Each structure stands twice: as structure tokens, then as C-alpha cells.
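First the structure, then my questions, so here it is.
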Amino acid sequence: MTENSWTRWPSREALTREAATRPRRVLGWVTRSLVLAMLLWGAFNGTHVRGWGVLVAVAAIVSAAVAGWALFRTTLAHRLRPSLVLYGVLLLIAAAAQAADFGVIALVLWCGCAVTALERLPIAAALPVTVAALALYAAVNDDAWLTTLATTAGLALAGYVLRLDAEARGSAQRLLTQERAARAAEAESAALGERARIAREIHDVLAHSLSAQLVHLEAARLLIEGGADRDQILERVVAARGMARDGLAETRQALSALRGDMTPLEDFLSQLVGTDDGAEATISGERRPLPAEASQAVRRVAQEALTNVRKHAPGAKVRMRLEYGEDQVTLVVRDSGGSPGELTTTGGGYGLRGMRERAELLGGSLDAGPDDEGFMVTLKVPV
């Protein structure tokens with residue numbers, strides 16, 4: 001053993017009964033009841049117990065019970081000096097009982113001190129108490145020396161086995177407590193992650209919807225300032241209203257997707273380009289279901305990229321390509337370029353930043369920039 005093992009107290013979990021099973025607690029109560037019964041039997045069974053002797057015996061038993069209860073509290077609080085003092089009191093009570101011819105009381109107290117000291121004290125402090133208790137027991141025991149030696153050795157071994165059992169039970173209780181705390185922290189982290197995911201989905205849907213509405217409303221404003229006719233202005237306003245309606249529908253769809261209920265990704269992209277005369281979508285690779293977060297990332301990036309094209313290069317042709325790879329899915333959105341639109345200066349570029357952050361959260365990447373013809377957005381998400 002190391003020095004720390006000699007001076008280390010048993011853990012609080014080992015010294016309490018909280019981690020014990022119900023049968024073990026019942027066994028503990030039965031054992032204590034038997035000890036008390038033996039003390040009472042030893043006190044009142046002798047023929048010499050008369051008059052004041054009865055009061056002396058009762059006082060000794062009550063004192064021993066109070067000292068035992070106090071010993072439980074001091075050892076639980078890891079207070080060494082009070083614990084040693086209480087063990088000394090119990091040994092003295094046992095010696096007095098032996099001197100008054102209450103042999104059973106003395107033997108029970110000495111054996112109890114020997115066993116509980118090994119169970120509840122640091123080894124360095126328990127050994128002197130155990131040696132003293134067993135030495136007093138051996139000195140008054142009238143059995144054969146070999147029997148006495150075997151009894152004292154058995155008591156010492158029993159105390160050490162109880163100590164090991166208590167430590168094992170305490171370690172199991174600590175591990176259980178740590179596991180419960182880890183599960184609670186994991187559940188809280190999962191809840192926070194789910195909240196963040198819901199917030200991100202709603203934010204992306206609303207950002208896309210509001211950006212599209214801004215495109216049409218800003219165009220309507222420019223038409224009004226330019227003196228355009230009523231039908232042109234009305235067309236833009238109606239388009240903005242449709243975008244608001246679509247935004248609500250997309251919000252509901254995002255919430256459904258978070259619950260695991262969503263349309264296939266291929267159908268979604270077909271519907272998305274179907275509302276735009278200048279857009280087309282192609283799909284390659286072996287089609288398969290994607291995780292909810294990866295599918296949502298592809299959908300949001302496709303929407304944002306198409307909105308950006310209509311905002312910055314109106315009239316440009318848009319080609320979307322969804323490619324299923326072995327361990328990732330790739331979405332490429334490329335436009336044919338065109339003259340800058342009237343709404344090029346609106347917005348602060350947060351769309352691309354949001355798309356890139358979404359991809360990085362999933363362990364993927366997003367590249368966006370000009371190519372030979374116009375502008376290209378490439379999303380790669382591991383699956």
C-alpha cells in the first residue's frame with residue numbers, strides 16, 4: 001500500500017447506507033438488533049444483577065449506544081480525534097463491564113470496536129484500535145489459544161472485508177452519480193443543440209423569404225419612382241405577396257423536416273426550379289435518403305443561391321446539379337451571368353455567410369465566387 005492508502009479515509013458514500021440495496025440495509029438492521037439483544041441478555045442474565053446493578057448495566061448499555069451513534073457521525077464527517085476518543089470510551093466501557101462481571105457486554109463491545117475501526121477509520125488509525133480491542137478480548141477469553149487466535153484473525157479479516165465492500169459500494173455510487181450528471185448534461189446539451197437548430201432553420205427560412213420579398217418590393221418602389229404603369233407595379237406587389245405566402249409554407253415545411261417529415265430532396269429541387277423559367281436542375285449518382293440536417297442544408301443553400309441570382313443577375317440562366325457521392329453530397333449552383341440588377345446593392349451579404357456557417361457546422365464546406373460565365377456556389381456535405 002502507498003502512504004496515501006494508510007491515511008486515506010473511506011469515502012462518505014462508503015460510510016453511509018445510501019448506496020446499499022434494501023436487502024443489505026435490512027441485514028444491517030438485523031445485525032444491530034442482534035448486537036443490542038446480546039448486550040441486554042448479557043446485562044440481565046447474570047444472577048448477580050440486582051438492585052443498583054440493573055441501573056449500572058442499563059447506564060452502560062445506553063452510554064455504549066450513544067457513543068456508537070456519535071462514532072457514526074464523527075467517522076462520517078472524517079473527524080479523527082473525536083472518533084479515537086469515542087473508541088477509547090467504548091473500550092473503557094467494555095473493560096468496566098468485564099470488571100463488573102458482564103462478560104458478554106465486554107466481548108460484544110471489543111469485537112464491535114475491532115471490526116468497525118477497520119471498516120470506518122483510516123488504516124493507520126484503525127490498526128491500533130483493532131489491536132487493542134482484540135488484545136483485550138484475547139486476554140479475558142478462556143478458550144484454547146488456537147481458537148482465540150483464529151477468532152481474532154477472523155474478526156480482523158471481517159473488518160477489512162467490510163471495508164473493501166463499503167469502498168466498492170461507494171465507488172459504484174460515485175460512478176452512478178457521475179453517470180447521471182453526464183446524462184443530464186448530455187440531455188441539456190442536446191436540448192440546446194435542438195433549440196439552436198430550430199432557430200437556425202427558422203432564421204434561414206425567414207431570411208430567404210424576406211430577401212425575396214425585398215427584391216420585389218424594392219423593384220416596385222423603383223417602378224413607382226420611375227412612373228411605371230399600374231400593371232407593372234401590381235405584378236411586383238403580387239409577387240411579394242406570393243413570396244410571403246411561400247415563406248409561411250417553407251416555415252411549416254422546415255418544422256416538419258425537423259420532425260422527420262419532409263418531401264424528398266429531388267422533388268424539392270424540381271419544385272424550386274419549376275417556379276423559375278430560367279432555372280433547371282440535374283441529379284446524378286445513386287439517390288438515397290439523407291440525414292435531416294444535411295438535407296435541410298442543401299435545401300436552404302439552393303434557395304439562397306437562386307434568390308441571389310435573381311437579385312444580382314436578373315435574367316441569368318441557372319443550372320443546379322445535385323451529385324450523390326460515396327460519402328458526401330455536392331450541390332453546385334451556377335448562373336450564366338448578366339448585367340447587375342437594380343437591387344444589387346441591397347442586403348449585407350449575410351446569406352453567403354449563413355450558408356457557409358451551416359455547412360461548417362455539418363463538417364462540410366461551401367465555396368462561392370465568380371467562374372468563367374457568372375457566379376458559382378458549391379456546397380459539399382458529408383453523409
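For the single chain, residues carry numbers from 1 onward in sequence order. Computed from a prediction, not measured in an experiment: that's the story for all the values here. Any value given below was found using the heavy atoms of this structure, including those in side chains, with hydrogens, waters and symmetry copies removed.
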Handout entry: Salt-bridge criterion met for Glu323 and Arg321 (N-O under 4.0 Å)
Key = yes

Practice task
Search all heavy atoms of Val383 against all heavy atoms of Ala294 and return the closest pair with its distance.
Solution key: CG1-CB, 4.1 Å

Completion exercise
Tightest non-hydrogen contact, residues Leu80 and Ala125, listed as CD1-CB, 3.6 Å

Handout entry: Student check: side-chain heavy atoms of Phe375 and Val309 closer than 4.5 Å
Key = no

Problem - Path from Leu118 to Leu164 over hydrophobic side-chain contacts below 4.5 Å - result: yes

Handout entry: Worked verdict on Ser83 versus Arg79 for side-chain hydrogen bond (donor to acceptor under 3.5 Å, both in side chains)
Key = CA-CA 6 Å; Ser83 299; Arg79 299 173 60 192; over 6 Å; no

Practice task
Taking all non-hydrogen atoms of both residues into account, name the closest pair between Ala94 and Leu109 and its distance.
Solution key: CB-CB, 3.7 Å

Handout entry: For Leu362 against Pro382, the heavy-atom pair lying closest together
Key = O-CG, 3.3 Å

Exercise for the section: State, yes or no, whether a side-chain contact exists between Thr378 and Lys380 at a heavy-atom distance under 4.5 Å. Expected result: yes

Practice task
Indicate yes or no: at least one non-hydrogen side-chain atom of Leu134 is less than 4.5 angstrom from one of Trp110.
Solution key: no

Problem - Rounded distance [0.5 Å steps], CD in Gln178 versus CZ in Arg183 - result: 13.0 Å

Practice task
Could you state whether Met376 and Leu331 fall into the same hydrophobic cluster, counting links through intermediate Ile, Leu, Val, Met, Phe, Trp or Tyr residues with side-chain heavy atoms under 4.5 angstrom apart?
Solution key: no

Exercise for the section: Could you tell me whether Glu225 atom CD has more than 12 heavy atoms of other residues or ligands within 6.0 Å of it? Expected result: yes

Practice task
To the nearest 0.5 Å, tell me how far Leu136 CG sits from Leu107 CG.
Solution key: 10.5 Å

Practice task
May I ask you to decide whether Lys317 forms a salt bridge with Asp335, counting only side-chain N to carboxylate O separations under 4.0 Å?
Solution key: no

Fill in the blank from the handout: Only one of Thr330, Leu322, Leu366 passes side-chain contact (heavy atoms from CB on, under 4.5 Å) with Leu379, and that residue is Leu366

Problem - Taking every non-hydrogen atom, the tightest pair across Ala64 and Leu90 - result: O-CD2, 3.7 Å

Problem - Residues Arg221, Glu218: salt bridge by 4.0 Å N-O rule - result: yes

Handout entry: Residues, nucleotides or ligands: over 12 heavy atoms within 6.0 Å of Arg288 CZ
Key = yes

Exercise for the section: Give, for atom CD of Glu179 and atom CZ of Arg174, the distance between the pair rounded to the nearest 0.5 Å. Expected result: 15.0 Å

Handout entry: Single-linkage hydrophobic cluster, 4.5 Å side-chain cutoff, Val332 and Val298 together
Key = no

Handout entry: Minimal non-hydrogen separation, Ala279 against Leu306, with atom names
Key = CB-CD1, 4.3 Å

Exercise for the section: Using a 4.5 Å cut-off on heavy atoms from C-beta on, say whether the side chain of Val377 contacts that of Asp367. Expected result: no

Problem - 4.5 Å side-chain heavy-atom contact, Tyr324 and Ile283 - result: yes

Problem - Side-chain heavy atoms of Leu84 within contact of Leu121, under 4.5 Å - result: yes

Practice task
Group every Ile, Leu, Val, Met, Phe, Trp and Tyr by side-chain heavy-atom contacts under 4.5 Å, then state whether Leu223 and Leu214 land in the same group.
Solution key: no

Exercise for the section: Spell out, as yes or no, whether a donor-acceptor pair under 3.5 Å connects the side chain of Ser189 to the backbone of Ala185. Expected result: no

Exercise for the section: Find out whether Arg163 and Pro10 are in side-chain contact, i.e. whether some heavy atom of one side chain is under 4.5 Å from a heavy atom of the other. Expected result: yes

Handout entry: Donor-acceptor under 3.5 Å (Thr75 side chain, Leu71 main chain)
Key = yes

Exercise for the section: For the residue pair Thr116 and Phe72, establish whether any side-chain heavy-atom pair is separated by less than 4.5 Å. Expected result: no

Handout entry: Partner of Leu234 under side-chain contact (heavy atoms from CB on, under 4.5 Å), chosen from Gln232, Arg230, Arg236
Key = Arg230

Problem - Arg319, Met320, Glu280 screened by side-chain contact (heavy atoms from CB on, under 4.5 Å) with Val273, the one that passes - result: Met320

